[in-house]
Structures are given as structure tokens and as C-alpha cells.
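The analysis underlying the following values was restricted to heavy atoms, covering all of them including side chains, and did not include hydrogens, waters or symmetry mates.
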Number of protein chains: 2
Amino acid sequence: MDNLTALFKEKNLKLTPQRYAIYKYLKSTKSHPSAEMIYEALRPDFPTMSLATVYKTVKTLIELGLVQELNVGEDNFRFDANVDTHPHIVCTSCGRVDDIEDAVFEHLNEEVENYTNYKVNTHKLYFYGVCPNCQGEL
Amino acid sequence: MDNLTALFKEKNLKLTPQRYAIYKYLKSTKSHPSAEMIYEALRPDFPTMSLATVYKTVKTLIELGLVQELNVGEDNFRFDANVDTHPHIVCTSCGRVDDIEDAVFEHLNEEVENYTNYKVNTHKLYFYGVCPNCQGEL
DNA sequence: ATATTAATAGATAATATTTTTCCTTAAAGA
DNA sequence: TCTTTAAGGAAAAATATTATCTATTAATAT
Ligand SMILES: [Mn+2]
Ligand SMILES: [Mn+2]
Ligand SMILES: [Zn+2]
Ligand SMILES: [Zn+2]
């Protein structure tokens with residue numbers, strides 16, 4: 001019995017095929033998809049699944065601490081099954097959102113406490129630029 | 001003739017009382033208001049102004065480079081007449097959004113270029129924590 | 001295996017935010 | 001003052017997300 005099964009059981013949540021598929025898909029991809037993108041990606045395997053189920057499931061996964069929400073400045077949210085605090089970069093030309101690998105900014109929370117009276121818990125860091133693909137198309 | 005008048009003239013835009021008031025209000029406040037909050041704040045002086053005008057105006061101001069948009073993870077946008085790249089902190093208890101004064105993170109763009117093939121232009125940095133007011137209420 | 005029960009999927013309606021449309025008004029310049 | 005054209009306001013439309021409601025199904029016990 002794996003972690004996921006145990007966690008769902010602990011919270012009296014049912015591990016349905018839809019939930020399992022959505023989480024597995026988020027774990028498998030580095031594309032930081034929106035709800036709509038998840039819905040489209042899973043449609044071939046789950047043609048009857050509704051978009052509302054995607055929204056409800058990602059919310060559940062977030063509450064479980066299995067997924068985090070990203071806000072890159074679009075009119076929708078994106079989701080990431082990597083729940084560690086890590087920076088992202090957005091291509092302002094094609095809209096893709098990538099992780100920035102190996103860059104560590106965990107010291108930022110402590111560093112900023114010297115400049116504010118807040119108790120600082122976490123941060124979100126989004127870079128904006130032009131991805132290699134879009135640089136080529138100039 | 002001030003800068004604002006000149007800039008609007010250059011772009012063939014009209015400097016209406018509504019636009020002037022919205023920009024002046026954004027310049028005057030540190031609260032990073034949403035469109036709705038701007039609308040409510042100016043309602044006493046501009047009781048006939050519509051919310052659509054607020055939305056249209058902030059969009060215009062952004063295109064002029066006079067205002068920037070923030071995405072702290074709410075279901076709406078906030079606006080800031082300080083267009084310099086600077087970090088913000090969000091109170092997860094009461095929702096207020098503050099500047100972090102004096103903290104300089106301008107080196108981040110260059111630093112991160114070592115970890116990605118993107119051409120990096122700018123970034124947005126949001127901290128999350130508990131503000132002094134809300135710390136007292138525990 | 002079957003029955004029981006409570007949670008969830010899916011359909012749909014509702015809500016919230018933002019944008020668009022369309023017509024009237026008014027800013028800017030002559 | 002007159003003309004031109006951008007912009008305001010009201011309302012509808014478009015998007016994204018959430019809530020409601022009923023049938024289904026996962027989980028557990030028998
Ligand atoms: Mn990521
Ligand atoms: Mn600010
Ligand atoms: Zn790109
Ligand atoms: Zn607070």
C-alpha cells in the first residue's frame with residue numbers, strides 16, 4: 001500500500017481513477033499545466049471526465065499538500081506536483097513555464113526578514129524572459 | 001506641462017479626469033489595490049464612474065509603463081504605480097500586500113541566467129507571511 | 001460475493017472577474 | 001466656438017472557478 005493510498009484513507013478521501021490520473025499526470029509533466037490543460041491531456045483516457053472534476057481534484061490535492069498553485073500573471077492558475085519552493089521562468093513570447101533547475105533561493109525568506117516586521121513563511125519567485133525556442137525565431 | 005500630459009499627448013490619448021484620478025490615487029497609496037478597491041476609493045469623488053472605466057484605465061496605464069500588475073495568488077489582480085522591480089509580501093491572514101522596503105534583489109536576474117538558457121528580463125517576487133497586526137491577534 | 005454507506009463524478013447553474021459593445025459625451029486642437 | 005475622435009458609462013458577453021444536486025462508485029463490513 002503506497003503513500004497515496006494511505007494518505008487518502010487517513011483523510012477519508014476516495015482514491016478514484018480520476019484523482020489518481022490527475023495526480024499521476026501532474027507528477028509526470030514539467031509543463032505546469034492549467035486546469036484546462038489537464039482536462040485536455042486526460043480526455044483521451046477519460047472522455048467522460050468533467051472540467052469541474054479537474055478543479056475539485058486539484059483543490060483536494062493542494063489541501064493534501066501534494067500540489068502547489070502557480071500564478072505567473074495569466075488569467076488562470078497553473079499547478080505543480082513539485083511542492084518544494086522553487087523558482088519558475090515564464091516565456092513572455094510563447095507562454096511556457098519552466099522550472100529553473102539547481103538554482104537555490106531558500107535563503108531569501110530569512111534574508112528578507114531583516115527588512116520587514118512580517119513573520120515570513122514562504123515565497124514565490126517568477127522570472128520572465130524569452131525561451132531558447134523563441135530566441136531562435138527572431 | 002508635466003510628464004503625464006506630454007506622454008498622453010504623444011500617444012494620442014486623452015487625459016480625462018477619471019484617468020488622472022486613478023493614476024494619482026495609485027501614486028498616492030501603498031495598498032496595492034485591486035480594480036474594485038480603486039473603484040470604491042474614488043467613488044466619493046467620482047460617483048458616476050463605472051468599474052469598466054477603472055479596468056480600461058489601468059490597462060492603458062500599464063501599456064504606458066506607468067503601472068504594473070501584481071498577482072499575489074488571489075482571484076483578482078492588484079496594481080502598483082511603482083513600476084520598478086521590487087519584492088512584495090502578502091499577509092496570509094488578512095490579505096494585505098506591502099512593499100519590502102530597502103531590500104534589493106536586482107542581482108537575481110543575472111544570477112539566474114547561469115541556470116537557464118532563457119534570456120531573462122525581469123522577475124516578480126512575492127513573500128508570504130503574517131503581518132505585525134495579525135501576529136498580535138494570536 | 002453482496003450489501004451498506006458515505007464520498008465523489010458529472011451535469012448544470014451560479015458566481016466573480018474582466019472584457020467587449022454600443023452609444024453618448026467630452027477632451028484636444030484649430 | 002467648431003470639429004474630430006478618443007473615451008466614458010451602461011449593459012451584455014466572455015472567462016475562469018465554484019457550488020448544487022443526483023446518480024454512481026469506492027471503501028468497508030458482512
Ligand atoms: Mn515547478
Ligand atoms: Mn509595490
Ligand atoms: Zn518561448
Ligand atoms: Zn495581516
Side-chain angles (χ1 to χ4, degrees), chain A residues 1-2 4-25 32-40 42-43 45-64 66-79 95, chain B residues 1-2 4-25 32-40 42-43 45-64 66-79 95:
Chain A
M1 184 159 72
D2 55 84
L4 207 61
T5 309
L7 183 58
F8 272 70
K9 180 179 293 182
E10 184 192 328
K11 305 281 183 181
N12 276 331
L13 296 171
K14 291 180 178 171
L15 188 46
T16 64
Q18 294 89 338
R19 284 175 170 179
Y20 186 75
I22 289 168
Y23 182 61
K24 204 173 55 165
Y25 177 64
H32 306 92
S34 65
E36 184 75 36
M37 292 161 79
I38 296 169
Y39 175 69
E40 290 300 333
L42 298 183
R43 203 210 279 252
D45 284 339
F46 294 85
T48 67
M49 184 171 65
S50 86
L51 185 56
T53 296
V54 177
Y55 277 107
K56 283 186 268 194
T57 297
V58 293
K59 191 172 210 179
T60 301
L61 293 171
I62 288 168
E63 285 164 2
L64 288 172
L66 295 173
V67 163
Q68 70 167 307
E69 214 172 42
L70 306 182
N71 272 281
V72 302
E74 298 167 321
D75 45 8
N76 55 29
F77 291 89
R78 286 168 173 263
F79 304 95
Chain B
M1 185 159 70
D2 56 86
L4 207 61
T5 309
L7 183 57
F8 272 70
K9 180 178 292 182
E10 184 192 326
K11 305 282 183 180
N12 276 331
L13 297 171
K14 292 178 178 171
L15 188 46
T16 64
Q18 293 90 338
R19 284 175 169 178
Y20 186 74
I22 289 169
Y23 181 62
K24 204 174 55 164
Y25 175 64
H32 306 93
S34 66
E36 183 75 37
M37 291 161 79
I38 297 169
Y39 176 68
E40 290 301 333
L42 298 183
R43 204 210 280 251
D45 284 339
F46 294 84
T48 67
M49 183 171 66
S50 85
L51 185 55
T53 296
V54 177
Y55 277 107
K56 284 186 254 190
T57 297
V58 293
K59 191 173 210 178
T60 301
L61 293 172
I62 289 168
E63 285 163 2
L64 289 172
L66 295 172
V67 163
Q68 69 167 308
E69 213 172 42
L70 307 182
N71 241 284
V72 302
E74 299 168 320
D75 46 8
N76 56 29
F77 291 88
R78 285 168 174 263
F79 304 96

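- Atoms CD1 (A:I38) and C1' (C:dA9) sit 16 Å apart, rounded to a whole Å.
- At D:dA7, none of the side-chain N or O atoms of B:T16 fall inside 4.0 Å of OP1 or OP2 (strictly under the cut-off).
- Following rounding to the nearest Å, A:I22 (CD1) and C:dA9 (C1') show an atom-to-atom distance of 11 Å.
- A:S34 comes within 4.0 angstrom of no nucleic acid atom, judged by non-hydrogen atoms across all strands.
- The phosphate of D:dA10 (OP1 or OP2) has no side-chain N or O of B:S50 nearer than 4.0 angstrom.
- One atom, CG of B:L51, and another, P of C:dT18, lie 9 Å apart when rounded to the nearest Å.
- Between the CG atom of B:L7 and the P atom of D:dA6 there is a distance of 17 Å, rounded to whole Å.
- Between the CD1 atom in A:I22 and the CG atom in A:L66 there is a gap of 12.5 Å [rounded to 0.5 Å].
- By the side-chain hydrogen bond (donor to acceptor under 3.5 Å, both in side chains) test, B:E40 is found to be paired with B:R43, residues two or more places apart in sequence or in another chain being considered.
- If you take CZ of B:F8 and C1' of C:dA27, they are 12 Å apart, rounded to a whole angstrom.
- When the side-chain nitrogen and oxygen atoms of A:Y55 are compared with OP1 and OP2 of D:dT17, one or more of them lie within a distance under 4.0 Å.
- Partner A:R19 forms a side-chain contact (heavy atoms from CB on, under 4.5 Å) with one of A:V58, A:T57, A:L61 and no other, that one being A:T57.
- The distance from atom CZ of B:R19 to atom C1' of D:dG9 is 14 Å, rounded to the nearest whole Å.
- By the salt bridge (charged side-chain N to carboxylate O under 4.0 Å, His left out) test, B:E74 is found to be paired with B:R78, residues two or more places apart in sequence or in another chain being considered.
- Between A:Y39 and A:T53, every side-chain heavy-atom pair lies at or beyond the 4.5 Å cut-off.
- Following rounding to the nearest Å, A:F77 (CZ) and C:dT17 (P) show an atom-to-atom distance of 11 Å.
- Donor-acceptor pairing under 3.5 Å, judged by distance alone, is present between the side chain of A:K56 and the base of C:dG10.
- Between B:K14 and B:K59, the residue anchored closer to the 5' end of DNA chain C is B:K59, taking for each the nucleotide with the nearest heavy atom.
- Applying the 4.0 Å criterion to OP1 and OP2 of C:dA27, one finds that B:Q18 has every side-chain N and O outside that range.
- Regarding B:Y39, its OH atom lies at a distance of 13 Å from the C1' atom of D:dG8, rounded to whole Å.
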